[in-house]
S.K.: 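Dropping a structure here in structure tokens format, bear with me for questions.
Letters go in sequence order (proteins before strands), and every chain restarts at 1. Remember, it's a predicted structure, so these values are computed and weren't measured experimentally.
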Protein chains: 4
Amino acid sequence: MRADHEQVSRLLKTARGQIDGILKMIEEDRYCMDVSNQLMATQSILKKANRMVLAAHMDGCVRDAIESGKPEEKMEELAALLDKLMS
Amino acid sequence: MRADHEQVSRLLKTARGQIDGILKMIEEDRYCMDVSNQLMATQSILKKANRMVLAAHMDGCVRDAIESGKPEEKMEELAALLDKLMS
Amino acid sequence: MRADHEQVSRLLKTARGQIDGILKMIEEDRYCMDVSNQLMATQSILKKANRMVLAAHMDGCVRDAIESGKPEEKMEELAALLDKLMS
Amino acid sequence: MRADHEQVSRLLKTARGQIDGILKMIEEDRYCMDVSNQLMATQSILKKANRMVLAAHMDGCVRDAIESGKPEEKMEELAALLDKLMS
């Protein structure tokens with residue numbers, strides 16, 4: 001993976017910590033909306049991690065593939081990803 | 001929380017397991033697109049958990065608040081949630 | 001509809017004007033990314049209109065239904081809407 | 001634009017027709033949720049048009065730019081688009 005490993009890992013560990021927190025909230029039978037808000041906050045962190053991964057992918061793997069004259073596979077992956085993100 | 005605790009917890013534990021898997025993928029320097037796909041799969045699981053939490057909230061807390069004649073706070077929360085989901 | 005009719009109509013007319021503009025861009029065979037950006041801008045306007053409609057719905061119809069002691073149908077609609085927005 | 005002009009234009013004309021319909025619904029003071037549902041249906045049509053435009057862009061302009069040895073600008077556009085779609 002081309003993105004900064006440390007930065008992405010840190011986000012993932014934060015997300016994991018939040019999931020542990022939500023599991024605890026469920027055990028303690030906390031209020032639905034508080035659980036829901038924490039779930040959405042965790043989704044946001046994963047989304048941020050994904051943006052970092054994909055920005056570095058574009059700037060790394062995709063660029064390399066083009067420079068090496070073999071971009072086809074990367075382009076197909078990107079087209080599929082775009083289509084998925086817009087679905 | 002009104003949703004089935006066991007079902008929501010099970011989804012959260014699956015998401016946590018996937019995050020552990022992604023952290024390992026990063027350590028092993030796996031391919032960006034594979035990391036990205038796992039990140040999106042984990043987001044989907046959290047989204048599913050959130051849908052369960054909110055469906056039960058509507059059917060539980062919101063209904064109770066209306067029946068007890070004090071729906072104002074719940075309605076404001078719902079309006080804010082709707083606005084957030086559409087932003 | 002409870003939202004300000006004039007405000008929502010104005011947004012819709014702007015969106016319609018943009019669609020006319022995009023149809024012209026297509027006739028003139030303009031660049032894909034310019035067409036795509038205009039399409040996304042038009043989606044944003046419709047989204048904004050929808051937020052206004054739903055905010056006023058919560059504050060109007062839903063409130064009335066609760067006050068009149070018949071909230072069931074509105075609550076079912078809201079639950080379905082929430083589920084749709086999160087899908 | 002590389003996408004099938006006729007197909008995209010047809011979708012846009014459908015969307016425009018729906019907007020006209022929604023404007024009429026507002027004049028007739030129709031129910032909020034009916035207006036909202038039509039607004040979401042129109043957004044879906046524009047989204048579908050955008051997917052067609054971008055799929056053809058990937059398969060056309062981006063491919064050409066790579067083959068002509070000048071992919072930089074297209075790649076920057078794609079990176080920006082990805083980031084926007086994930087925001």
S.K.: Taking side chain as everything from C-beta outward and backbone as N, CA, C, O, which of these in A:L12 sits under 4.5 Å from a heavy atom of chain B? Side chain, backbone, both or neither.
M.R.: both

S.K.: What residue, out of A:L39, A:I45, A:L54, has the most heavy-atom pairs lying under 4.5 Å from chain B?
M.R.: A:L39

S.K.: Residue by residue, which of residues 70-77 of chain A have a heavy atom closer than 4.5 Å to a heavy atom belonging to chain B?
M.R.: A:K74, A:E77

S.K.: Pull out the residues in residues 80-87 of chain A that come under 4.5 Å of chain B, heavy atom to heavy atom, sorted by number.
M.R.: A:L81, A:K84, A:L85

S.K.: Take B:H57 and A:Y31 through the test side-chain contact (heavy atoms from CB on, under 4.5 Å) and record every step on the way to the result.
M.R.: CA-CA 9 Å; B:H57 175 64; A:Y31 180 43; 3.2 Å; yes

S.K.: Drop me the distance from B:S44's OG to A:Q43's CD, to the nearest 0.5 angstrom.
M.R.: 8.5 Å

S.K.: Rounded to the nearest 0.5 Å, how far does OG of A:S36 lie from CZ of A:R30?
M.R.: 13.5 Å

S.K.: Who wins among B:D29, B:D34, B:V35, B:L78 for the most heavy-atom pairs under 4.5 Å with chain A?
M.R.: B:D29

S.K.: Look only at the side chain of A:N50 and the backbone of A:L46, and say whether a donor-acceptor pair between them is shorter than 3.5 Å.
M.R.: no

S.K.: Write down the atom of A:A3, the atom of A:M52, and the distance for their closest heavy-atom approach.
M.R.: CB-O, 3.6 Å

S.K.: Go through the atoms of B:I26 and report whether side chain, backbone, both or neither lie under 4.5 Å from a heavy atom of chain A.
M.R.: both

S.K.: Under a 4.5 Å heavy-atom cutoff, which of B:K47, B:R16, B:K13 has the most pairs with chain A?
M.R.: B:R16

S.K.: For residues 58-66 of chain B, dump all side-chain donor-acceptor pairs below 3.5 Å to protein atoms at least two apart in sequence or in another chain.
M.R.:
from  : atom 1 : to    : atom 2 : distance (Å)
B:D59 : OD1    : B:R63 : NH2    : 3.0
B:R63 : NE     : B:D59 : O      : 3.2
B:D64 : OD2    : B:R2  : NH1    : 3.0
B:D64 : OD2    : B:R2  : NH2    : 2.9

S.K.: Enter the distance from A:Q18:CD to A:K24:NZ here, rounded to the nearest 0.5 Å.
M.R.: 14.5 Å

S.K.: If you check every heavy atom in residues 4-11 of chain B against those of chain A, which residues fall under 4.5 Å?
M.R.: B:H5, B:V8, B:S9

S.K.: Can you measure from CD1 (A:I19) to OG1 (A:T14) and round to the nearest 0.5 angstrom?
M.R.: 11.5 Å

S.K.: Shortest non-hydrogen contact from A:A15 to A:T42?
M.R.: O-CG2, 3.8 Å

S.K.: Which one of A:Q38, A:M40, A:E27 has the most heavy-atom pairs closer than 4.5 Å to chain B?
M.R.: A:M40

